[in-house]
Each structure stands twice: as C-alpha cells, then as structure tokens.
2 protein chains.
Amino acid sequence: MQGEGLLRVTGDDGERTDAARNRRLLLDAAAEIVATCGAERLTTDAVARRAGVGKGTVFRRFGSRAGLMHALADEAGREFQQAFMSGPPPLGPGAPPLERLIAFGEASIARMRLDGQILRATEQQGGPDLEHPTQRLVRLHLAILLRGIGASDPEVGAYHLAAVLNAGLLLHLQDDRGMSVERLTASWAALVSALAA
Amino acid sequence: MQGEGLLRVTGDDGERTDAARNRRLLLDAAAEIVATCGAERLTTDAVARRAGVGKGTVFRRFGSRAGLMHALADEAGREFQQAFMSGPPPLGPGAPPLERLIAFGEASIARMRLDGQILRATEQQGGPDLEHPTQRLVRLHLAILLRGIGASDPEVGAYHLAAVLNAGLLLHLQDDRGMSVERLTASWAALVSALAA
DNA sequence: GAATAAAACGGACCGTGGTCCGCTTGACCC
DNA sequence: GGGTCAAGCGGACCACGGTCCGTTTTATTC
C-alpha cells in the first residue's frame, strides 16, 4: 500500500489499523457506559463486551482501567485544554496572569458539572497519576502563571494549586457538602490573589 | 460482673470482649505486615491469617481494607494529634496562629518519613475519605488557625490546606521528584503566610 | 499470491477486596 | 449451673482488575 521498507510502522501513530479501530470502539463503548451507568459502575469486562473485543485488548490499549479513564478524560478535556492554552482571554493568553489564574480555577470548577465524574474516576485507585501528561501540562500552565504573579517556587506551587482543584475534592464540596460554585470560585480567587504578593 | 439490665452492652465501647481482642490481634498483625512488606503489599487475607481469625472478621471490625488502614493510621497519629491539640508551642496552643500553621505543615511533612506509607494507603482506593473523623479534626484545627490569621472562608480554606498536605502528594514530591523537606516546608510557609493578609 | 514476522487479539486464569449466611460464643438473667 | 439470644465468627463465595500465552491478523517483501 505505501511501501516503507525498514519500519513496520503503518498507522498514523505507528498503530496498526485494527488496533486503532479497536481503540475507538473501546473509547466509544466506555463513554456510553459512563453515560448510562456512571463512571463508578464501569467495568473493564463490560467495556470489552460492549466494544465486541476481548478483555486483553482493553489492557493492551490502555494499560489499566485508570488508563482508559484517562484517555476518556483527555478526550473530554481537549476543548478545555485548548481554551486555556490558546483560547480567548481571560482564560487564554492576553490577560494578566492573576486574572488568568482566577479564570482557570473558575473554568475547572465549572467543568466538574460536566465531566467531574470521569475526572474523579481517573484520580481514584492508586491515587492520582501526578505525572500523567495532562496533569503535567496543567501544572506547567499553573507554574507559568504563578511565576507571572511573582510567587515563590512556582513549581511546588503548581502542585499545590492542582491539589486544590482535584476533582474528588471539588465534587465532594459541591455535592456532599452543598457548597455553591460561587463560594468555591471565591475561595479560589482569594487563594491565588493572596499568592500574588 | 456488672449487671446492667437493659442494654446488652459490655465492653468499654459496647464491644464484646472477643471482638475487642480480635481487633487488637488484627491491628497488631496489620502493623507487622506493614513493617515487613510495606503497606502496599498488605492483603486482607494475610492480615486475617496472621491474626488467626477469619477474613470476615476483618471486614466486620474495619469495614474495608481502607478502614483498617485508617485505624492503623489513627494509632500512629495519636501522638501527632495530641501534639497539635495540646502540646507545647509553636505546634500546640500558645503561639500566634500563623506560627502554628507553619509548624503544623512542618510537622506533617516531617511525619511522612515515619508513617507516610500508611497515610498514603488510607488515601488510595476510592479517594481519601474526607469526612473521616481524623480528617475532620485536622480540618477543624486548620480552620481555627485560618480564622486566627484573618483568612476569608476558613472552612473551604481548611479543605485546601488539607489537600496540599495529603500524603500521596507529599511522598511523591519527596521520593519521586526528589524535593527536599526544606523546600516543601518553605513552600508551605510561603503559602500560609500569603493567606495571612 | 505466498511467505514471514511483528503486532494484536481473546479469553481462560489468578489474586484480592468484599459479601453472605449458617454456626459459635459471650453476656446477661434466673 | 442452665437458658436465652444478640453479637460475633469464619470461610466459601462472588466480582472485578489485571496477566498470560496460544492463535489470528496485518503489513510488508518477493
């Protein structure tokens, strides 16, 4: 078909076509199950069955249940990611760092209503994978903004802020403790404003 | 022995003597296994076997593996709890709130070397139980100190600070990212100092 | 098209957390 | 002591995440 010669690589990302097809199948199946039964009730067997593939394939593609959840979360969060990386201010570039920080927290909190369930599922079981590419990207972003407001040690500060915005906490405060979005965003704003010395 | 009459309660906490004995047996067995193989490798079967009781008893007493870990962590942390509740300043009462906050973070970070493993184990699997009595006590303490330094919304602030001090994060930063205790305590101090407007 | 080897597949299998239920034990009353 | 009954016990059992390995598919070369 395309004759490369040395590498046995073929798909777009070096993924065989059947592999790519199954990945989509699995992702779609997983999304449906989450939509139907909730992220908690998603089992790897069910995903495999629904996608019409073997269970081994789930783990070959995603490594673990958490990996599958991560992939799902990344798909859901791509829009958000683009918004804070290159969208319009104040979330995207153009606004002063403190405003962007505040907007980032607001957006994160607002996002929970939509895909908080999936996000929380990625955090559970073995603790959040703090070095997952998406997490790193978020922290890099936060670190840059922290540096922009003159915070000391932006790297550790980014870990702190990311911890404050984790889905498990945010959902708990909203759903179990009945705290309003306004209150949470206000607290976030107070926090980051204080950091801008 | 003591003839009560109506209630069938007997032990100190309304626990039958065999139940109390088995709880100790299980706690000791668990502590030994953690010391030997690490908290990650602790299985409920192994604890039951080592304690010489049935597996069902583990779950009757502690509800879940996480519950057992919590009980273990609470035993290990009793000293720390007394230290910040009624020990000498600056950790205990007597010092100004900001200093107590800083000391609390320092002590929490230092504590990781000793029982971080157990603490992390309590956080994993199903996410940390934010409403566990111990967690609530910590947050209550933090909230009081936050109020003392004039922070806005001490209640939410306490959740924030507790999230920053969670064992999974602290151990990750120290062990996987090679950050020094000094750096982490400095970041913590910077954070709470900023909050004291 | 035939040959080939790497990649992917699938589902039996395993370990572990958690449940269930018939049996035992301990506390209390007489 | 003997009777009672709730509390406790134990281990077979189940569900689910994750592994393993023999089989199938895919891409590529000739």
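Nothing here was measured: the structure is a model prediction, and the numbers come from that model.
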Would you kindly give the [atom1]-to-[atom2] distance between [X] and [N], to the nearest whole Å?
| X | N | atom1 | atom2 | answer |
| --- | --- | --- | --- | --- |
| A/R49 | C/dC9 | CZ | C1' | 18 Å |
| B/E40 | C/dG17 | CD | P | 12 Å |
| B/E15 | C/dT25 | CD | P | 19 Å |
| B/R65 | C/dG18 | CZ | P | 8 Å |
| A/R23 | D/dT26 | CZ | P | 16 Å |
| A/R21 | D/dA27 | CZ | C1' | 15 Å |
| B/L25 | D/dC9 | CG | C1' | 13 Å |

Nucleotide nearest [X] when distance is taken to its side chain, options [options]:
| X | options | result |
| --- | --- | --- |
| B/T43 | D/dA27, D/dT19, C/dT16 | C/dT16 |
| A/N22 | C/dC9, C/dG18, D/dG10 | C/dC9 |
| B/F59 | C/dA27, D/dT26, C/dG17 | C/dG17 |
| A/D45 | C/dT25, D/dC16, C/dG17 | D/dC16 |
| A/T44 | D/dG17, C/dG26, C/dG17 | D/dG17 |
| B/D18 | C/dG18, D/dC9, D/dG18 | D/dC9 |
| B/R61 | D/dC9, C/dA27, C/dA8 | D/dC9 |
| B/R16 | D/dC9, D/dA6, D/dT25 | D/dA6 |

Classify the nucleic acid contact of [X] as base, sugar-phosphate or nothing, counting any heavy atom under 4.0 Å across all strands shown.
| X | result |
| --- | --- |
| A/R41 | nothing |
| B/V53 | sugar-phosphate |
| B/L42 | sugar-phosphate |

A/R60 or A/K55: which one's nearest nucleotide on DNA chain C is closer to the 5' end?
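Whichever sits nearer the 5' end wins; that is A/R60.
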What about A/V181 and A/L119, same hydrophobic cluster or not, with Ile/Leu/Val/Met/Phe/Trp/Tyr joined at side-chain heavy-atom distances under 4.5 Å?
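They do share one cluster, since a chain of ILVMFWY contacts under 4.5 Å joins A/V181 to A/L119.
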ILVMFWY network linking A/L140 to A/L130, side-chain heavy atoms under 4.5 angstrom
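No, A/L140 and A/L130 fall in different hydrophobic clusters.
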Could you check whether the rings of A/F84 and A/F104 sit parallel, tilted or perpendicular, using 30° and 60° as the cut-offs?
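Plane angle over 60°, so perpendicular.
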Let me know which of B/E155, B/E131, B/H160 forms a side chain to side chain donor-acceptor pair (under 3.5 Å) with B/R139.
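The passing option is B/E131.
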Under 4.0 Å between a side-chain N or O of B/T57 and OP1 or OP2 of D/dG10?
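Indeed, a polar side-chain atom of B/T57 lies that close.
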Donor-acceptor contact present, side-chain B/E123 to main-chain B/G168, <3.5 Å
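Side chain of B/E123 to backbone of B/G168: a pair is present.
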